[in-house]
Every structure is written in structure tokens, then in C-alpha cells.
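Model, not experiment: these values are computed from the prediction. What you see below is based on every heavy atom in this structure, not just the backbone, and it leaves out hydrogens, waters and symmetry mates.
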Amino acid sequence: MNKLITALIVCSVMCGFSQGKREHYVLPEFTEGVLLDKNGELSKGKVNYNALVEAVVLKEDGKYVPLRNDLARNADTLYVGKRKFVNRSGKFYELLFDSDTDLFVEYYCVLKSSTEDRSAYGSSSQTGTAVVQRQVFNQNIFYDLELPELYTAELKYRYFIVTSKGEITIESLRDIKKKYSRLKKKYSNYKKDNKVNIKDPQSIAKLVEYLESNK
């Protein structure tokens with residue numbers, strides 16, 4: 001643990017706002033994980049993946065500590081339970097399955113600022129405006145478990161189907177249908193019998209694996 005801690009930058013997570021929803025962490029809670037670097041060395045700690053800053057974060061003594069950029073670049077794989085996150089160009093993508101075809105999912109967030117609009121009749125509604133993260137003065141709030149009420153983070157999913165011929169980016173079910181256009185009937189039949197949601201990586205993995213096995 002000490003080896004991992006010394007390679008991290010300690011980040012304060014205090015802020016003066018009331019707290020809002022937790023939507024920017026991929027895992028439901030910080031979980032014991034194992035980090036394997038490119039030299040084959042292992043480090044352990046309670047970790048989570050912060051999709052807002054797109055970085056692995058460690059929990060130690062109640063503080064939330066992001067991996068340094070150089071450590072993230074040297075890291076190879078993060079294992080959390082049965083889940084496997086692979087370092088691809090400095091970002092960790094979850095590997096959903098690997099065979100002749102690999103399927104990765106990239107988790108990222110769109111940050112929004114909530115404002116209240118009031119109509120001429122006295123009613124009010126909440127609206128969200130996209131925010132550029134670097135414009136937020138206190139960057140440390142992004143590492144807290146819950147964002148201040150002022151902000152919301154919308155979790156997004158981007159998939160990559162990787163073969164020896166290259167990779168294809170998938171951001172919608174339409175993209176999958178286009179990729180496997182020769183299997184249109186099998187695609188439609190599978191969707192009739194199974195619930196598939198672009199925000200459910202396991203359902204996407206099962207769909208792609210099924211289509212790959214029927215090529």
C-alpha cells in the first residue's frame with residue numbers, strides 16, 4: 001500500500017457546497033483493487049474509477065487521491081473483483097470480453113450546472129447547462145463522492161470493438177446494427193428476446209458476443 005501511496009498526489013476534497021448526487025464514479029463504492037504496472041509489479045488499494053476526470057482514484061484515510069499522470073501511463077491493468085480495466089493511452093477502459101474480437105467500454109461524463117428558471121406564472125423548473133470542467137475554480141470537488149448541488153454529471157458510455165483489422169467506435173445501438181448489417185435478422189431477433197441498453201455494458205457485451213459468434 002505504501003508503495004502506491006507514495007506515487008500518488010494527495011487531493012483535498014473539502015468544499016463549502018451542499019452535496020448532490022453521486023453519478024461520476026463508475027463503481028457503486030470504493031473496492032479493493034490490484035494495479036499491475038508494465039514492469040509486472042503489483043499494488044493494492046481501495047479504488048474507484050472517476051469518469052468525470054477519467055482517472056483511477058484511491059481512497060486512503062478518508063481522502064480521495066488521484067493517480068499521478070506518470071503512474072497512470074505506466075500502469076497496465078486494474079483488477080477490481082471480476083472486472084478488468086486496461087490502460088489505453090493513459091485512460092482506463094473496461095474490458096468486457098476478449099477473444100479474436102475485444103470489446104472495451106470507455107466511461108466519461110458531461111458536467112452540467114443546474115439553474116432555476118421561473119415562469120411568468122410563478123412556477124419554476126431546473127435546467128442544466130453544459131460546463132467546461134477547467135473553468136470550475138475548485139477542481140478538487142470532482143474527486144468527492146458527491147458533487148455539490150450546483151453540479152450534475154451525466155455518465156456516458158463509448159464502446160470500442162477491436163480486431164486485428166482495427167477498431168470501431170460504438171455510441172448507439174444503431175452503430176451496432178450498422179456494424180453487423182449482414183446479421184440484421186439475428187440482431188432483431190436477439191433484441192426481441194433480450195433487453196439491451198447502451199447504458200448497460202453487460203447487455204451490450206452479450207449482444208456483441210452473440211453477433212460475433214454468428215458471423
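The pair E32-K46 does not count as a salt bridge, with every side-chain nitrogen at least 4.0 angstrom from each carboxylate oxygen. Salt bridge annotation for K59-E29: absent, with no cationic side-chain nitrogen under 4.0 angstrom from a carboxylate oxygen. Taking the charged nitrogens against the carboxylate oxygens, E94 and R83 do have a contact shorter than 4.0 Å, which makes a salt bridge. A salt bridge links E154 with K112: at least one charged nitrogen is closer than 4.0 Å to a carboxylate oxygen.
Side-chain atoms of D37 come within 3.5 Å of backbone atoms of N39 as a donor-acceptor pair (strictly under, hydrogens ignored). No donor-acceptor pair under 3.5 Å is formed between the side chain of T169 and the backbone N or O of F160. No side-chain donor-acceptor contact under 3.5 Å links D98 to the backbone of L95. Without hydrogens or angle criteria, H24 side chain to D144 main chain gives a donor-acceptor distance under 3.5 Å. The closest donor-acceptor contact from the side chain of D61 to the backbone of K63 lies at 3.5 Å or more, if one exists at all.
Side-chain contact between K206 and Y190 is present, with heavy atoms from C-beta onward closer than 4.5 Å.
To the nearest 0.5 angstrom, S172 atom OG is 6.0 Å from I198 atom CD1.
Residues satisfying the ring-ring contact (aromatic ring centres under 6.0 Å, His included) criterion with Y187, sequence neighbours excluded, are absent altogether.
Checked against a 6.0 Å centroid threshold, the rings of F85 and Y93 do not count as neighbours. Centroid-to-centroid, the aromatic rings of F30 and Y64 come within less than 6.0 Å.
Using a 30° and 60° split on the angle between ring planes, Y49 and F92 fall in the perpendicular class, above 60°.
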